[in-house]
Amino acid sequence: MSCIVEIALACPLRQTFDYLSDEPVEHWQPGMRAVIPFGSRQLIGIVIAIKPVSEISTDKLKKIEQQIDKQSFLPVEIMQLVQWVSRYYHHPIGECFQAALPKKLRLGDSDEMQTETYWALQQIPVNKPGKKQQQILDLLEDYPEGLSEKALRVQFGNVKSSLTTLAQQNVITAREHVALPVPCLELQQTVSLNNEQKQSIEKVLAEKGQFSSFLLHGITGSGKTEVYIEICREFVENQQQVLVLIPEIGLTTQFVERFRHSLAANIVVINSSVSDADRKQAWLLARSGKADIIIGTRSAVFTPMLNPGLMIIDEEHDSSYKQQDGLRYHARNVALMRAKTLNIPIVLGSATPSLETLYQVKLKRYQLLKLTKRAGGATLPNVKLIAANKTADNNGLSSVLINSIKKHLQQNHQVLLFINRRGFAPVLMCHECNWQANCRSCDAKMVVHQHQNRLFCHHCGLIQTLPKKCPECGHSELKSYGVGTEKIEQALTAIFNDIPVLRIDRDSTQRVNAFTNMVKQINQGQAAILVGTQMLAKGHDFHDVTLVGVVDADQALFSADFRATEGLAQLITQVTGRAGRGKKSGEVLIQSEQPEHPFWKNLLQDGYEAIAENLLKERIQMELPPHGFWAVWRAEAQEADLAMQLLQQVAELLQQTASPVMILGPVPALMEKRAGRYRAQLLMRSADRASLHQLIDQHIEAVSKLKLARKGRWSIDIDPTELI
DNA sequence: AGCACGCCGACT
DNA sequence: GTCGGCGTGCTC
């Protein structure tokens, strides 16, 4: 008996499509994949529902070409989660499924797990085994379930011939088994925890098996990772899976390695450095319950689990949890929603929690867990503000800072200098005619990169050769202004010529292993100066750094984005936390052209918590998020004004309905032109979430039918975190 | 989004 | 005479 199958497709349409199937109803389940004809194309879709009749007349329905999955594919929980995401973010359902699936599975790969050869002991050898053979046998003794050939190869190198010999003698046997991640063969002893850590662990474990949200607010270096690990240990022992989300930063290996060295568990990692094949395997291992711990970036929030027990969001304040194009979801919020429906606890961890999260703590929706002491008895560094003067200083470095660097290097310590701009200098000018190197596709200046002898636009990626003379008037003296990592690197090399200066930014770490090699060199502990962007600020544990210098921190104080101050407070607190993490005590020097700005006094005297409290009060007073709810319509188009016109029409549509929602704009984006496109936005503000979503739902279809909507790109951003 | 269909300018 | 430009409309 045939049936009607409702299918979500990977196209930007806010609807599903019905198809006829020859298969009987009972062969179908929501969540399965199917190949279907769509227009003149062939697509893969996800089954949303199976039904006896369609609202579309039967003669218009096409037949399903192929049923890809014969058994359930996406669990009901993920189906509901993705559908919730589609409704909440007002994004086409098919594209939401795209975001939730690993590429290979999206493209129709079989959902069978990769297998590999596992070896296990069979009987005592008769002949005396060779040296390598003996090593293998010794190790296998500890693993009665067997070890994968891959794991043995990682440990002993080429093992093929040894294994063949041992197998011929029936000492060991081979068996095909689902490929699990290579286990860590040498577990470290557990570290001793302080009382705050122990209490935090207990409080989370007390909520096992029910929804409960926690903020683990631990100062930098207070041992949050150890708390996560000990909580995980308990869940793993109970055969429950843990999903750990981490920010998208270059190096997550440090974090992952600590888990691997501490827990005898199957730990899979899903981040950008993992191949498509491994991603698929990790996803399948999680779905089957064979992965105990899943560590991944933003999109891993959609990973299915057979026995979910807990979710952890590390560095919950990090902006990379919010996707800034396509489906603009916030992984932290999706995780909270998921934890609620799964009825499991969720832990958000940070040294610098977002105001959103602190607001929830204030409303008593999250339990607060605090770690106020640095682990291992390390002390927080002493922080000082230096008045910097642009014109008088040596390439942006004040003499106070240089003298201090000298002092720390003499003690054979390491120094970290933070400057949040890569390249040599952000401005190139002609003295004669006032010409300036601007990007032709963006409202932005080109940045001088001296190493490559080029000009770069950091917004669209435009590359030009560095001009030798002014393209306007031909004058040969072009001057650059401002500082970037390259200039600081150059200045320091000139001053401290016998000390290695390591520049760590996107340019210097592009080559494979460049970053890992630099980290290795740093960890050897000799005196060195590290110059870097926020790549350096996030999460690294450099034990020999005793001085942190912040070269140019002020820009954010004058930003038009009301969130900039929050971001600056977080960044400074995080950078500050890089000093004195080992046994040596640390010092931090912050150069500012605005040392009198109340922000600094507030942050340095009272700390992050206090400044966050003040900022939150301000936001509540001014009815800014997290108090009240926002949504932004964004549009961009190749032609000037088109985006504004489109949003003007959207505003007119929205205003046709009487609603408590405030409509503001449209206005051009702060940087109106970017990558050759003109951008604009339209803001919606509301005191309650429901009216905001209702108003969007009422008009989104009419908006997508607007003529101008086809000419430019448009999107809607729920709970925006950036006003661009 | 893709893709087809359709109706107007500079080319083998 | 055609190739191809992108405006418009549709996709169960």
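Letters A, B, ... mirror the listed sequences (proteins, then strands); counts begin at 1.
- Residue A/R710 places its side chain closer to C/dC10 than to any other of C/dT11, C/dC10, C/dT8.
- Put simply, CZ on A/R14 is 17 Å from C1' on C/dC10, counting in whole angstrom units.
- Checking C/dT11, C/dC12, C/dT8 against the side-chain heavy atoms of A/R41 singles out C/dT11 as nearest.
- Going from atom CD of A/E65 over to atom C1' of C/dC12 covers 14 Å, rounded to whole Å.
- One interatomic measurement links the two molecules: CD of A/E95 to P of B/dG2, which rounds to 9 Å at whole-angstrom precision.
- In this structure the side chain of A/S86 never reaches within 4.5 angstrom of the side chain of A/F97, judged on heavy atoms.
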message = Using the rule given for side-chain contact (heavy atoms from CB on, under 4.5 Å), can you reason through A/L243 versus A/R338, listing the C-alpha separation, both sets of side-chain angles and the distance that settles it, and then say yes or no?
response = CA-CA 11 Å; A/L243 179 63; A/R338 200 174 167 195; 3.8 Å; yes

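- In this structure, CZ of A/F17 is placed 8 Å from P of C/dT11, rounded to the nearest angstrom.
- Spacing between atom CG of A/L61 and atom C1' of C/dT11 amounts to 13 Å, rounded to whole angstrom units.
- Note that CH2 of A/W283 and CD1 of A/I270 are 9.5 Å apart. Values are rounded to the nearest 0.5 Å.
- Within the structure, every side-chain polar atom (N or O) of A/K60 is placed at least 4.0 Å from both OP1 and OP2 of C/dC12.
- A salt bridge between A/D18 and A/K51 is present, with a side-chain N of the basic residue lying under 4.0 Å from a carboxylate O of the acidic one.
- Going from atom CG of A/L708 over to atom P of C/dT8 covers 10 Å, rounded to whole Å.
- Between the CZ atom of A/R713 and the P atom of B/dA1 there is a distance of 8 Å, given to the nearest Å.
- Heavy atoms of A/F38 sit under 4.0 angstrom from at least one base atom.
- Between the side chains of A/T721 and A/Q324, at least one donor-acceptor pair of N or O atoms lies under 3.5 Å.
- In this structure, the CD atom of A/E6 is 16 Å from the C1' atom of C/dT11, given to the nearest Å.
- Using a 4.0 Å heavy-atom distance criterion, A/Q15 is classed as a base contact.
- For A/P12, the side-chain atoms get nearest to B/dA1 when compared with the rest of B/dA1, C/dT11, B/dA4.
- Residue contacts shown for A/L13 include a base, since a base heavy atom lies under 4.0 Å away.
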